[in-house]
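Below: one structure, written as structure tokens.
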Protein chains: 2
Amino acid sequence: MGTTQLETVPEPKYWHLKTVLSEALDSEFSVGEILPNERDLAARFGVARATLRQALEQLELEGRLQRRRGVGTTVAPPRMGVAVGTEQRAWPGVAGDTWQLADCAMAAPPAAVAGILESLQGEQVYTVRRSRVTRGQPVAAELLYVPASSVPGLSAVDTRSGTARARSVLRELQRLELEGQDSAVELGSARAEDAKELDRLPGAPVLVVTTRFFAEGRTAAVSVATYRADTCRLTFGDSGGIEIHDGPERRAS
Amino acid sequence: MGTTQLETVPEPKYWHLKTVLSEALDSEFSVGEILPNERDLAARFGVARATLRQALEQLELEGRLQRRRGVGTTVAPPRMGVAVGTEQRAWPGVAGDTWQLADCAMAAPPAAVAGILESLQGEQVYTVRRSRVTRGQPVAAELLYVPASSVPGLSAVDTRSGTARARSVLRELQRLELEGQDSAVELGSARAEDAKELDRLPGAPVLVVTTRFFAEGRTAAVSVATYRADTCRLTFGDSGGIEIHDGPERRAS
DNA sequence: CAGTGGTCTAGACCACCGG
DNA sequence: CGGTGGTCTAGACCACTGA
């Protein structure tokens with residue numbers, strides 16, 4: 001029949017709870033404020049702690065909350081806009097950006113990266129680790145893969161420390177004329193290694209940005225950058241990014 | 001002391017479980033294959049169902065699995081590359097792309113969008129709903145906000161159906177010379193409305209792409225597109241996207 | 001209808017942080 | 001040390017799918 005579904009739909013408790021909490025965050029809390037602990041909140045709403053947690057998890061996923069073990073749950077500031085693709089192409093690490101060099105080693109790249117680089121099985125590439133810090137917060141951990149053939153000026157046997165070596169790899173890379181680049185963004189979960197750098201627990205949701213750099217008619221380098229999904233909004237394109245003036249004003253309780 | 005942390009770290013069960021399952025997916029299952037049900041799997045690994053589910057949730061988040069109520073859990077195909085930003089700028093809906101027009105109405109935009117459009121409080125804009133289908137699968141639901149001032153050729157009182165009206169809004173928009181565009185990507189969870197269009201449950205993880213279109217020295221339109229995070233890899237830049245040849249070959253069990 | 005994944009409960013213990 | 005969030009259990013019932 002053409003009945004228009006009279007909606008007996010019982011909304012899940014955690015979903016309703018999320019909505020209620022979300023509105024409370026807008027109207028009764030200010031950024032940085034600490035929420036009551038999970039056991040109290042659950043009791044207050046008359047649900048099991050697991051159900052309450054399901055609602056909090058979603059709000060954290062949406063960047064509204066920040067939870068830290070041993071500390072508590074706080075109201076998160078609006079997400080930071082982080083530029084990851086600019087119209088004017090640029091090699092990584094150029095100019096005054098916010099990357100901090102960490103390390104460099106020769107290694108065989110993971111299979112997925114090897115496929116992009118079209119490198120031979122087992123071929124070694126320079127693997128530069130960096131981390132990106134914005135407004136004092138770690139926002140991304142990156143692995144940059146550079147085949148030795150892209151930076152012929154370097155000797156493979158290099159006794160300098162990892163950091164110095166990383167610096168010279170980037171410097172050599174910038175000698176090449178960059179012909180283009182493209183990126184892909186997908187959702188992932190933080191590996192244990194990245195999680196530590198990002199100050200999150202393993203498995204935390206992250207945005208994985210894979211960028212190919214083209215020079216001399218081929219893929220000269222590949223970057224795999226892991227951004228915190230809870231605190232970051234990735235911006236691409238002409239301008240510096242979109243400033244979102246979001247919803248009602250946040251006032252203190 | 002300088003002890004190098006002998007790592008008593010007890011890895012969470014669900015994390016270990018996820019690793020085991022992930023390897024099993026690579027070696028013993030092929031795309032589309034149905035996994036044993038959750039109760040059986042939990043029993044087989046000697047954990048509670050909730051713990052098993054925590055592992056499955058992560059694998060689904062990473063696009064490795066697909067779960068559907070009443071059906072079962074299947075091995076997901078690799079994520080689709082979906083182009084969302086091209087070097088050559090283009091108005092939305094131009095040429096032979098995969099968007100399906102759905103609807104159009106005049107409405108006051110949400111606060112966040114109003115801020116971007118710099119529109120006056122309460123000003124009405126054309127709101128075009130579209131959905132994007134790739135390889136037979138719904139991948140995105142979009143709301144396109146077009147201030148009436150961007151499409152002066154249209155009469156505000158229009159008796160035609162929503163779809164026809166949507167078409168004419170896009171046609172009028174394409175008359176303008178596009179001067180630039182930029183996008184932002186962030187993680188969100190599907191609103192009930194979008195979830196239905198994307199064939200997912202409410203709250204499912206999505207990638208929200210906010211795009212500004214510039215013309216005549218101002219922001220002429222804003223698009224807010226909601227992509228399925230589990231099945232999509234968003235691509236930006238010169239080329240058609242990165243084809244990932246991922247890990248070991250998948251073979252049937 | 002039987003079987004699936006989705007929701008929910010009421011507990012327990014653990015890892016971590018700060019005072 | 002006490003308090004926080006993180007993990008885990010063993011159940012129960014519900015909503016949906018397909019035969």
Side-chain angles (χ1 to χ4, degrees), chain A residues 5-19 21 33-61 65-76 189-190 192 195-196 199-205 230, chain B residues 5-19 21 33-61 65-76 189-190 192 195-196 199-205 230:
Chain A
Q5 196 163 347
L6 288 183
E7 301 294 350
T8 41
V9 213
E11 196 174 52
K13 274 190 190 178
Y14 79 91
W15 185 261
H16 180 244
L17 205 48
K18 182 192 133 185
T19 308
L21 284 169
E33 203 168 338
I34 305 180
L35 267 64
N37 72 54
E38 298 183 347
R39 290 163 181 85
D40 285 354
L41 274 180
R44 182 175 313 186
F45 287 105
V47 299
R49 191 177 156 219
T51 305
L52 186 269
R53 276 179 62 79
Q54 209 171 343
L56 293 185
E57 259 152 43
Q58 285 232 0
L59 289 170
E60 191 180 28
L61 202 78
L65 293 179
Q66 196 158 348
R67 298 192 289 173
R68 275 186 305 167
R69 170 153 54 179
V71 180
T73 302
T74 58
V75 180
S189 49
K196 200 152 51 176
D199 191 29
R200 301 254 52 197
L201 291 179
D230 55 344
Chain B
Q5 197 164 346
L6 286 182
E7 301 294 350
T8 42
V9 211
E11 196 173 49
K13 274 190 190 176
Y14 79 91
W15 185 260
H16 180 244
L17 206 49
K18 181 192 133 184
T19 309
L21 284 170
E33 203 169 337
I34 305 180
L35 267 62
N37 72 54
E38 298 183 349
R39 290 161 181 88
D40 285 354
L41 274 179
R44 182 175 312 187
F45 287 105
V47 298
R49 191 178 155 218
T51 305
L52 185 270
R53 276 179 62 80
Q54 208 171 342
L56 294 184
E57 258 151 43
Q58 284 233 1
L59 289 170
E60 190 179 30
L61 202 77
L65 293 179
Q66 196 159 348
R67 298 192 288 173
R68 278 186 304 167
R69 170 154 54 181
V71 179
T73 302
T74 58
V75 180
S189 48
K196 200 153 50 175
D199 191 27
R200 301 253 54 197
L201 290 180
D230 54 345

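First the proteins, then the strands, lettered A, B, ... as listed; each starts at 1.
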A correct 5'-to-3' footprint of nucleotides 4-11 of chain D, with B, S and - meaning base, sugar-phosphate only and no protein heavy atom under 4.0 Å, is BBBBSB--
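- Each of Val47(A), Leu56(A), Leu59(A) was compared with Leu17(A) under the side-chain contact (heavy atoms from CB on, under 4.5 Å) criterion, and only Val47(A) meets it.
- For Leu201(B), the side-chain contact (heavy atoms from CB on, under 4.5 Å) criterion is met by Arg69(B), not counting sequence neighbours.
- Counting to the nearest Å, the P atom of dC16(C) and the NZ atom of Lys196(A) are 11 Å from each other.
- With sequence neighbours excluded, the residues that form a salt bridge (charged side-chain N to carboxylate O under 4.0 Å, His left out) with Arg49(B) are Glu38(B).
- Residues meeting the side-chain contact (heavy atoms from CB on, under 4.5 Å) test with Pro12(B), sequence neighbours left out: Tyr14(B), Trp15(B).
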Kindly determine whether Glu57(A) and Arg67(A) satisfy side chain to side chain contact (heavy atoms under 4.5 Å, CB included), including the steps that lead there.
-> CA-CA 9 Å; Glu57(A) 259 152 43; Arg67(A) 298 192 289 173; 3.1 Å; yes
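- The distance from atom CD1 of Ile34(B) to atom P of dA19(D) is 11 Å, rounded to the nearest whole Å.
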